[in-house]
Amino acid sequence: MSDSTPQTAESAGTTPGRIDTSKPHSARFWNYFVGGKDNYEVDREIGDHIKEIFPGLVDVAVTSRHFLGRAVRHLAGEVGIRQFLDVGTGLPTADNTHEVAQRVAPDARIVYVDNDPVVLAHANALLTSTPEGRTAYLDANLYDPEAVLKAAEGTLDFSRPVALMILNTLGHVADYEQGRDLVRRLMAGLPSGSHLVISDSTATSEGMIAASNAYNASGAVPYYVRGVDEIGGFFDGLELVEPGIVQVTKWRPNPEDPANFTATVDAYGGVGRKP
């Protein structure tokens with residue numbers, strides 16, 4: 001098992017020429033909201049501003065992370081999935097996909113995909129693995145699904161089911177139909193029995209809409225909140241796993257979760273199976 005210690009944003013210098021610290025950044029901003037240290041003052045400033053507008057966004061960030069954990073545990077445990085393709089990885093925090101999966105199934109293989117220089121600078125923190133399993137990181141682009149799938153073939157066996165994870169990422173795709181097409185093309189390269197896991201913030205309250213507008217006005221790469229029906233549209237052609245498309249806190253909640261992890265939040269997600 002390799003040993004890699006996560007770096008702070010200030011100390012990570014893998015790609016300094018490509019990292020812009022003058023504007024907020026979605027991965028660093030989200031990292032701040034889930035209690036991480038990989039962020040800059042500009043990210044904390046917009047984060048604190050949005051907390052004043054809509055404090056509930058912090059709950060969205062935290063509960064979305066817990067949704068990831070429950071979905072991965074379900075897929076690795078009850079379903080028996082041993083391969084995970086995590087697109088739009090974000091910055092490493094606690095309980096990343098490979099950590100959750102390999103606690104259930106030590107032989108699980110995980111491929112992380114992101115082309116963000118900030119995430120790339122911290123990628124080594126994602127490359128730990130059990131001796132039986134494997135993790136890999138690809139510097140690749142969601143907007144080129146076929147290239148993502150081709151590169152992932154070096155780690156994953158596409159003759160066996162794969163869980164495609166796209167969490168809090170599709171909101172960056174401005175055109176909804178383009179987003180649906182990207183998901184469709186990724187799933188087209190995966191075999192029957194594969195699963196899709198998606199969660200995103202949703203336009204289900206005035207506070208969330210105001211928070212999204214404030215974030216997009218900050219100069220960061222925009223993130224568009226969508227309706228619940230649009231989140232459901234990403235799963236067209238798949239068999240939804242119970243309980244379907246629901247608030248992330250309502251997807252197979254753990255009775256032992258703290259109260260705030262079962263609260264009402266403006267984030268919806270689901271899991272679908274490819275027939």
Side-chain angles (χ1 to χ4, degrees), residues 6-12 15-16 18-68 88-96 114-122 125 142 166-176 179 198-228 230-231 247-249 258-269:
Q7 297 173 290
T8 64
E10 285 77 5
S11 65
T15 52
R18 293 171 58 194
I19 296 176
D20 182 0
T21 61
S22 66
K23 297 177 181 179
H25 183 280
S26 62
R28 301 190 312 244
F29 167 82
W30 210 244
N31 177 265
Y32 174 54
F33 269 20
V34 298
K37 298 180 179 179
D38 301 317
N39 46 75
Y40 291 96
E41 183 62 28
V42 66
D43 309 301
R44 297 186 285 272
E45 286 178 355
I46 186 61
D48 290 339
H49 176 56
I50 287 177
K51 285 181 186 179
E52 294 176 358
I53 297 172
F54 181 54
L57 191 56
V58 176
D59 286 339
V60 167
V62 173
T63 58
S64 294
R65 195 70 185 180
H66 283 262
F67 166 75
L68 177 153
T89 301
L91 288 169
T93 58
D95 282 346
N96 300 292
D114 212 307
N115 73 329
D116 190 308
V118 173
V119 178
L120 178 62
H122 296 77
L142 168 66
I166 315 178
L167 279 74
N168 305 300
T169 296
L170 289 167
H172 287 301
V173 181
D175 183 84
Y176 175 61
I198 286 176
S199 71
D200 262 308
S201 301
T202 48
T204 42
S205 76
E206 292 183 3
M208 174 56 86
I209 294 170
S212 176
N213 290 338
Y215 178 79
N216 292 346
S218 72
V221 175
Y223 185 97
Y224 303 94
V225 292
R226 295 191 164 103
V228 178
E230 292 178 302
I231 302 299
Q247 289 176 343
V248 292
T249 52
N260 64 315
F261 294 154
T262 57
T264 297
V265 294
D266 294 299
Y268 279 68

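If you read the sequence from its start, that first residue is 1, and numbering goes on from there.
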Using side-chain contact (heavy atoms from CB on, under 4.5 Å), reason through R226 and D200 one step at a time and then give a plain yes or no.
CA-CA 8 Å; R226 295 191 164 103; D200 262 308; 5.7 Å; no
Go through the steps for T202 and D266 under the test side chain to side chain donor-acceptor pair (under 3.5 Å), then give the verdict.
CA-CA 5 Å; T202 48; D266 294 299; 4.9 Å; no
Output, in order, the C-alpha distance, side-chain angles, deciding distance and verdict of side-chain contact (heavy atoms from CB on, under 4.5 Å) for E45 and I50.
CA-CA 9 Å; E45 286 178 355; I50 287 177; over 6 Å; no
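Taking all atoms of both residues into account, the shortest heavy-atom contact from Y223 to S212 is O-OG, 3.1 Å. Taking every heavy atom of both residues into account, T63 and D59 meet most closely at OG1-O, 2.6 Å. I53 and A210 get closest at one heavy-atom pair: CG2-CB, 3.8 Å. Minimum heavy-atom separation, P222 to N216: CA-OD1, 3.2 Å. Listed here is the closest heavy atom pair of M208 and L57: CE-CD1, 3.4 Å. Between V265 and Q247, the shortest heavy-atom distance links the atoms O-NE2, 3.4 Å.
Put simply, CG on D48 and CD on E41 are 8.0 Å apart, with the number rounded to the nearest 0.5 Å. Atom OG of S199 and atom NE2 of H66 lie 13.0 Å apart (nearest 0.5 Å). Rounding to the nearest 0.5 Å places CG of D43 at 9.0 Å from OG of S218. In this structure, I209 CD1 and S201 OG are separated by 12.0 Å, a value rounded to the nearest 0.5 Å. For the atom pair CG (D175) and OH (Y224), the distance works out to 10.5 Å, reported to the nearest 0.5 Å. Atom OG1 of residue T169 and atom CG of residue D114 lie 7.0 Å apart, to the nearest 0.5 angstrom.
Shown here are the ring pair (Phe, Tyr, Trp, His ring centres under 6.0 Å) partners of H49, two or more places apart in sequence or in another chain: there are none. Checked against ring pair (Phe, Tyr, Trp, His ring centres under 6.0 Å), F54 has no partners two or more places apart in sequence or in another chain. Annotation: ring pair (Phe, Tyr, Trp, His ring centres under 6.0 Å) contacts of Y268 (sequence neighbours excluded): none.
When each of I166, L167, N168 is paired with L170, the side chain to side chain contact (heavy atoms under 4.5 Å, CB included) condition holds for I166 and for no other.
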